[in-house]
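Written out below as structure tokens is the structure these notes cover.
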Amino acid sequence: MDCRTKAGCSLMMCLAALLGGCAAPAPFPPVDALPASADLPDPLVMFDGSPVRTRRQWSARRAELAGLFQHYMYGTMPAPPPLRADVRFEDPSYLDGKITLREIAIGLTPDADGPTMHLLVATPNDAEGPVPCFIMPNFGGNHTLVTSEQVAIPAASAPRPRQGQEAESPASPRRGNRPGRCPIDLIVPRGYAVAVFNYREVENDDPAASRGVRTWYARHEGDAGYTWGAVAAWAWGISRGVDWLVTDPRIDPSAIISVGHSRNGKAALVAAAFDERIAMAIPNQSGCGGAGPSRTGDTVSENVEQINRVFPHWFSPVFHQFSDQPERLPFDQHCLIAMVAPRPVLLSCADQDQWANPDGQFRMLQAADKVYRLLGAEGLAADAMPPLEHLIDSPLGYWIRPGRHSLGSAEWDIYIRYADRRLAR
Ligand code: GCU
């Protein structure tokens, strides 16, 4: 990364803000000049080969990894804009008066003409003080999670119709038709807040992106040359939700947990890796580009070539150069997990979802373990993949259940158990 350019400076400011220090500018080599290695790169060895033995050295390595991941995979992203937030409504009567719902419109750009995300925040009314909070991007829109008539239905949120279903029109929204993805009625009475937003409000999920933060910043700060793909944009959106959550007296700012399913699971992990205000990450079935290795070594799970071909807009253009040579990546996804250390990370998997590579995800935890140990944390308390439905609740946590690619109440029960344990509640 080059600090002499506006892009480099902005990236450096962003890194400094997110990582609490400034990494030395590192001009990274072209992809073809990177050494190929079938083995996982050592998270405790700097890019120049020097060893990482102390916490201080790890801080430098973490900043370096943030630069490497942005340069070669997720792309560079802008510094946070100043917080512009507007509480659209507050309803303390939800679920027979047990829950307060608030909707906050958060501006995602310095000027008011850019995209806005609607954060729906549900808090328990019987809490005696600030509560921990799960923040999660959703696919279908906040209105699919609750029946409240007040929840905004932005155009960007209309979910794709399922087979045999009619497309949803703003005139006949299906309010509360998919609560299971994030069962607010079950989570909030257990003493947690929930904050959700529709991922398409931040960045649309389309190779020909025409709206969203990437387009806005390219138009208004084009000289900066941000290279972020959609996954980085969604992760960046999670951090914009956190910008508001940390100002809310009802939320414990030291107990914010990023959760996401599948592509949003990738974003939830990236957000926690880059943003230290996030206390814990729970990526569900995030697979390739998330907690699954890029060096897959099998033919069943998704690989770098497949993900770049089918979803060309998810990563930086540079990442496409690794499609046929992932072994040149100077990191693998264990390094992304290690960037969260010593904060807890729970990888949530399903045995029939081999596309998301549950075994590979477990290997990523094993390879991140040494970083947790260096920082004095327990790491992964398992020598081998656990049996189905056996929660590993160490700081590097793992859960695998029978079944397919999905997220529902059963997962949330585990997430709350894990969060209770790791937050020592
Ligand atoms: C596809 C994609 C995965 C992704 C998933 C999802 O299956 O290949 O990488 O996680 O979609 O987001 O549902």
Charged N to carboxylate O under 4.0 angstrom, Asp369 versus Arg373? yes
Between the main-chain N or O of Val151 and the side-chain N or O of Arg175, is there a donor-acceptor pair closer than 3.5 Å? yes
Test side-chain hydrogen bond (donor to acceptor under 3.5 Å, both in side chains) applied to Thr109 and Tyr217, step by step: CA-CA 8 Å; Thr109 54; Tyr217 281 95; 5.5 Å; no
For residues Thr296 and Asn303, is any side-chain donor paired with an opposing acceptor at under 3.5 Å? no
Salt bridge present between Asp42 and Lys370 (N-O < 4.0 angstrom): yes
Is a donor on one side and an acceptor on the other found under 3.5 Å between the side chain of Tyr72 and the backbone of Ser316? no
For the CD1 atom of Ile257 and the OH atom of Tyr418, what is their distance to the nearest 0.5 Å? 10.0 Å
Any side-chain heavy atom of Pro183 sitting closer than 4.5 Å to one from Ile187? yes
Could you measure the distance from the CD1 atom of Ile282 to the CD1 atom of Ile416? Nearest 0.5 Å is fine. 9.0 Å
Could you give the distance from CH2 (Trp355) to OG (Ser262), rounded to the nearest 0.5 Å? 11.0 Å
Applying ring pair (Phe, Tyr, Trp, His ring centres under 6.0 Å) to Trp216 and not counting sequence neighbours gives His220
Testing the basics here: between Val371 and Ala338, what is the closest heavy-atom pair and its distance to 0.1 Å? CG2-CB, 3.7 Å
Among Phe274, Tyr74, Trp236, find the one that has a ring pair (Phe, Tyr, Trp, His ring centres under 6.0 Å) with Trp228. Trp236
Euclidean distance, Tyr226 OH relative to Arg214 CZ, rounded to 0.5 Å: 14.0 Å
Roughly how far apart are Gln285 CD and Asn264 CG, rounded to 0.5 Å? 13.0 Å
What is the distance from atom CD of Glu90 to atom CD of Glu103, rounded to the nearest 0.5 Å? 12.5 Å
Checking Ser254 against Asp252: is there a side-chain donor and acceptor pair closer than 3.5 Å? yes
Assess whether a salt bridge exists between Asp185 and Lys98, defined as any Lys/Arg side-chain N lying under 4.0 Å from an Asp/Glu carboxylate O. no
Side chain to side chain, Arg55 and Leu375, heavy atoms closer than 4.5 Å: yes
Nearest heavy atoms of Leu365 and Leu396, plus distance in Å: O-CD1, 3.6 Å
For the side chain of Trp234 and the backbone of Glu203, is there at least one donor-acceptor N/O pair under 3.5 Å apart? yes
Presence of salt bridge, Arg84 and Asp243, under 4.0 angstrom: no
For the residue pair Ser294 and Gln333, what are the closest heavy atoms and their distance? OG-OE1, 4.2 Å
With side-chain hydrogen bond (donor to acceptor under 3.5 Å, both in side chains) as the criterion, how do Asn177 and Thr144 come out once you've worked through the C-alpha distance, each side chain's angles and the decisive distance to 0.1 Å? CA-CA 5 Å; Asn177 72 331; Thr144 62; 4.7 Å; no
Does His334 have any ring pair (Phe, Tyr, Trp, His ring centres under 6.0 Å) partners at least two apart in sequence or in another chain, and if so, which? none
Donor-acceptor under 3.5 Å (Ser286 side chain, Ala291 main chain): yes
Verify side-chain contact (heavy atoms from CB on, under 4.5 Å) between Val188 and Leu95, making sure each step is shown before the conclusion. CA-CA 10 Å; Val188 179; Leu95 196 67; over 6 Å; no
Side-chain (Trp412) to main-chain (Arg181) donor-acceptor, under 3.5 angstrom: yes
So which pairs with a foot in residues 375-399 pass side-chain hydrogen bond (donor to acceptor under 3.5 Å, both in side chains), sequence neighbours left out? Asp393-Arg421
Specify whether Phe28 and Phe47 have parallel, tilted or perpendicular ring planes, treating 30° as the upper limit for parallel and 60° as the lower limit for perpendicular. perpendicular
Could you list the residues that satisfy ring pair (Phe, Tyr, Trp, His ring centres under 6.0 Å) with Phe331, not counting sequence neighbours? Phe69
Phe362 side chain near Gln366 side chain, heavy-atom distance below 4.5 Å: yes
Judged by atom type as modelled, is there a donor-acceptor pair below 3.5 Å linking the side chain of Glu302 to the main-chain atoms of Gly287? no
Run the side-chain contact (heavy atoms from CB on, under 4.5 Å) test on Arg102 and Thr123 for me, step by step, so that the C-alpha distance in whole Å, both residues' side-chain angles and the decisive distance to 0.1 Å come before the verdict. CA-CA 9 Å; Arg102 284 172 292 167; Thr123 41; 3.8 Å; yes
Check ring pair (Phe, Tyr, Trp, His ring centres under 6.0 Å) between Phe311 and all other residues, then give those that pass, not counting sequence neighbours. Trp314
Which is it for Asp420 and Tyr415 under the side-chain hydrogen bond (donor to acceptor under 3.5 Å, both in side chains) test, yes or no, and what are the steps along the way? CA-CA 8 Å; Asp420 281 349; Tyr415 300 171; over 6 Å; no
NZ/NE/NH1/NH2 to OD/OE distance under 4.0 Å, Glu327 and Arg295: no
Quick one: does any side-chain atom of Arg88 pair with a main-chain N or O of Ile104 as donor and acceptor, under 3.5 Å? no
Less than 4.0 Å between a side-chain N and a carboxylate O, is that true for Arg404 and Asp351? no
List the atom of Met385, the atom of Pro358, and the distance in Å for their closest heavy-atom pair. SD-O, 4.0 Å
Go through the steps to decide whether Asp205 and Arg263 satisfy the test salt bridge (Lys or Arg N to Asp or Glu O under 4.0 Å), and finish with yes or no. CA-CA 10 Å; Asp205 194 355; Arg263 66 200 71 186; 2.7 Å; yes
Could you tell me whether the side chains of Arg309 and Gln306 share a donor-acceptor contact shorter than 3.5 Å? no
Any idea which heavy atoms bring Pro81 and Arg240 closest together, and the distance? CD-CD, 3.7 Å
Output a table of donor-acceptor pairs, distance under 3.5 Å, between side-chain atoms of residues 128-139 and any protein atom two or more places apart or on a different chain; print 'none' if there are none.
unit_1: Asn138; atom_1: OD1; unit_2: Gly141; atom_2: N; d: 2.9
unit_1: Asn138; atom_1: ND2; unit_2: Asn142; atom_2: OD1; d: 2.9
unit_1: Asn138; atom_1: ND2; unit_2: Phe197; atom_2: O; d: 3.3

Basic-acidic side-chain contact under 4.0 Å: Glu276, Arg62: yes
Looking only at non-hydrogen atoms, find the nearest pair between Ser348 and Glu411 and report the distance. OG-CG, 4.0 Å
Under 3.5 Å: donor-acceptor pair, side chain of Asn125, backbone of Gly97: yes
Any donor and acceptor pair, going by atom type alone, linking the side chain of Arg343 with main-chain N or O of Ile278 inside 3.5 Å? yes
Go through the steps to decide whether His71 and Thr76 satisfy the test side-chain hydrogen bond (donor to acceptor under 3.5 Å, both in side chains), and finish with yes or no. CA-CA 6 Å; His71 181 75; Thr76 55; over 6 Å; no
Measure from the side-chain N and O atoms of Asn204 to the backbone N and O of Asp206, and report whether any donor-acceptor pair falls under 3.5 Å. no
